[in-house]
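Predicted model, so just to flag it, every value in this text is computed and none were measured. Each residue takes its place number in the sequence, starting with 1. Numbering of ligands and ligand atoms starts at 1, following listing order. These values consider heavy atoms only, across backbone and side chains, with no hydrogens, waters or symmetry-generated copies.
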Amino acid sequence: MKINKVVIPVAGWGTRSLPATKNLPKEILPVFKKPAIQYIVEEAKAAGLDNVIFITNKNKNILEDHFDYNLSLEWVLERTGKMELLQEVRKVSELANIISIRQKRQLGLGHAVLCAKEVVRDDPFAVILGDDLLFSSVPGIKQLIEVAETENMAVVGVMPVEKSQVSRYGIINAEEIGPHIYRVRELQEKPKVEEAASNLAIIGRYVLTPEIFYHLEKIFDPNQMGELELTEGLRRLAKDNKLLAVRLHGMRFDVGHWVDYLIANIYFALQDEELRDDIINRLRELIPC
Ligand code: G1P
């Protein structure tokens, strides 16, 4: 199993981030100096995923533009001798091969993944969700790819969450079969706290086999108004004993929620040697002891 494609669904409305996202894709909101989507594409690139498939809509062209050359800007930077910035800007354009697919109706994550079928074809592929930023010495999606490639199976990335948070996630019921590796028996999408089988939550990272399209197509009703959940397709893989989970390690920020979004900004700003002291001092002013 060799994986070199990643599907990144970006067609959502970003209602949790309104009003900032009234006319801006939530994925373009900056986390410190870069748009959130850049961290996701950088993670994919670091895991050897050169082909990035955006599942997009008509309001999201700015995301593709971010990964394309901006020749007039490059010309200005070159003319004014801002060579470091020039290099940084150019590097983003050369990060990945971007392929865009329109999701013409927003019918859920399962539907978004199904939209990639004709481009993915018969190859296994990765999926990363734009809300979950994950930082670790081994890129999050690579942690899954390593297991998927050795076991020849679909894998979801999970992390333990507070019991009170389980209703925000897909939750797995699984048995540990190796260090940080689980065989998934069942899944629940956003269960009530009292009904959750565990506190192991799916964290926006998947490696899937094309079999998922078969399952999603079977469940999908083109007349449906409600959401087609990816978890429903995963449940069918699990039922056939074809789904593993890997407990991800790393620092995670759910930038679709304001607290995590703001903390992620501060976290990155604090890594910047030039700004660190200023930021700490300003924060101290804001929070008098
Ligand atoms: C989606 C998935 C859910 C997963 C979550 C991770 O939910 O449906 O299973 O746990 O992403 O962020 P969403 O956050 O899009 O509602």
Side-chain angles (χ1 to χ4, degrees), residues 6-18 21 25-27 29 31 36-37 39-40 43 54-57 60 103 105-116 126-135 140-141 143-144 154-174 182 184-193 195-208 212 215-216 219-220 224 226-238 243-248 250-261 264:
V6 59
V7 171
I8 308 182
V10 292
W13 282 104
T15 45
R16 285 192 303 217
S17 306
L18 281 169
T21 47
K26 66 174 174 179
E27 298 81 7
L29 296 183
V31 174
I37 189 72
Y39 294 93
I40 299 286
E43 177 184 328
F54 283 157
I55 308 299
T56 183
N57 71 32
K60 303 269 183 157
Q103 186 182 12
R105 292 188 295 158
Q106 273 70 69
L107 294 175
L109 184 56
H111 179 252
V113 169
L114 192 51
C115 289
V127 177
I128 310 184
L129 305 187
D131 278 350
D132 283 312
L133 301 190
L134 192 69
F135 300 96
I141 195 67
Q143 297 172 37
L144 266 59
V155 183
V156 293
V158 295
M159 275 180 147
V161 296
E162 294 285 327
K163 198 85 191 163
S164 59
Q165 304 279 299
V166 291
S167 57
R168 273 169 49 178
Y169 298 98
I171 297 293
I172 62 163
N173 179 354
Y182 302 78
V184 182
R185 288 198 216 98
E186 242 306 357
L187 299 102
Q188 303 162 292
E189 180 64 15
K190 308 197 172 85
K192 291 189 187 135
V193 180
E195 285 166 12
S198 76
N199 69 336
L200 288 175
I202 300 176
I203 301 300
R205 305 277 178 296
Y206 310 78
V207 172
L208 300 172
I212 195 73
H215 291 303
L216 290 170
I219 317 166
F220 182 53
Q224 79 183 68
E227 305 227 318
L228 173 62
E229 298 292 355
L230 179 58
T231 304
E232 271 310 308
L234 297 174
R235 290 183 70 199
R236 288 164 189 239
L237 285 180
L243 184 66
L244 298 176
V246 164
R247 187 171 160 163
L248 291 162
M251 173 128 46
R252 173 196 170 229
F253 301 101
D254 175 358
V255 292
H257 283 88
W258 286 119
V259 172
D260 264 30
Y261 174 78

Requested in this report: Tell me which one of Leu129, Val156, Val166, Leu234 gets a heavy atom nearest to atom 11 (O) of ligand 1.
Outcome: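 It is Leu129 that holds the nearest heavy atom.
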Report task. Take atom CH2 of Trp258 as the centre, draw a 6.0 Å sphere, and report whether it contains more than 12 heavy atoms from other residues, nucleotides or ligands. Result ->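 Buried by this count: over 12 neighbours within 6.0 Å.
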Considering only non-hydrogen protein atoms, determine which one is nearest to [atom] and report residue, atom name and distance to 0.1 Å.
atom                    : result
atom 7 (O) of ligand 1  : Lys190 NZ, 3.3 Å
atom 6 (C) of ligand 1  : Ile202 O, 3.3 Å
atom 12 (O) of ligand 1 : Asp132 OD2, 2.9 Å
atom 2 (C) of ligand 1  : Glu189 OE2, 3.6 Å

Query raised in the report: If you take all heavy atoms of Val255 and Ala36, which pair is closest and at what distance?
Result: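 Minimum heavy-atom contact is CG2-CB, 4.4 Å.
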Requested in this report: Run through Val184, Leu208, Ile172 and flag the one making a side-chain contact (heavy atoms from CB on, under 4.5 Å) with Leu234.
Outcome: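 The passing option is Leu208.
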Query raised in the report: In ligand 1, which numbered atoms sit nearer than 4.0 Å to a non-hydrogen atom of Gly170?
Result: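 Once the distances to Gly170 are compared, the set is 3 (C), 4 (C), 9 (O), 10 (O).
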Query raised in the report: Gly204 heavy atoms, cut-off 4.0 Å: which ligand 1 atoms fall inside?
Result: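 It comes down to these atoms of ligand 1: 6 (C).
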Query - Option passing salt bridge (charged side-chain N to carboxylate O under 4.0 Å, His left out) with Asp131 (candidates Arg252, Lys26, Arg205) - result: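 Passing option: Lys26.
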Under 4.0 angstrom from ligand 1, any heavy atom of [X]?
X      : result
Ala201 : no
Arg168 : no
Thr231 : yes

Query raised in the report: Do the ring planes of Tyr39 and Phe135 sit parallel (below 30°), tilted (30 to 60°) or perpendicular (above 60°)?
Result: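 If you compare the ring of Tyr39 with that of Phe135, the planes turn out perpendicular.
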Query raised in the report: Does any non-hydrogen side-chain atom of Val113 lie less than 4.5 Å from one of Tyr206?
Result: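 A side-chain contact under 4.5 Å is absent here.
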Requested in this report: Answer yes or no: is there an ion pair linking Glu189 with Arg235, defined by an N-O contact shorter than 4.0 Å?
Outcome: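 No, no charged N to carboxylate O under 4.0 Å.
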Query - Full working for side-chain contact (heavy atoms from CB on, under 4.5 Å) between Ile171 and Asn199 - result: CA-CA 7 Å; Ile171 297 293; Asn199 69 336; 6.0 Å; no
Requested in this report: Please check if a non-hydrogen protein atom sits closer than 4.0 Å to atom 15 (O) of ligand 1.
Outcome: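 Under 4.0 Å from atom 15 (O) of ligand 1, zero protein heavy atoms found.
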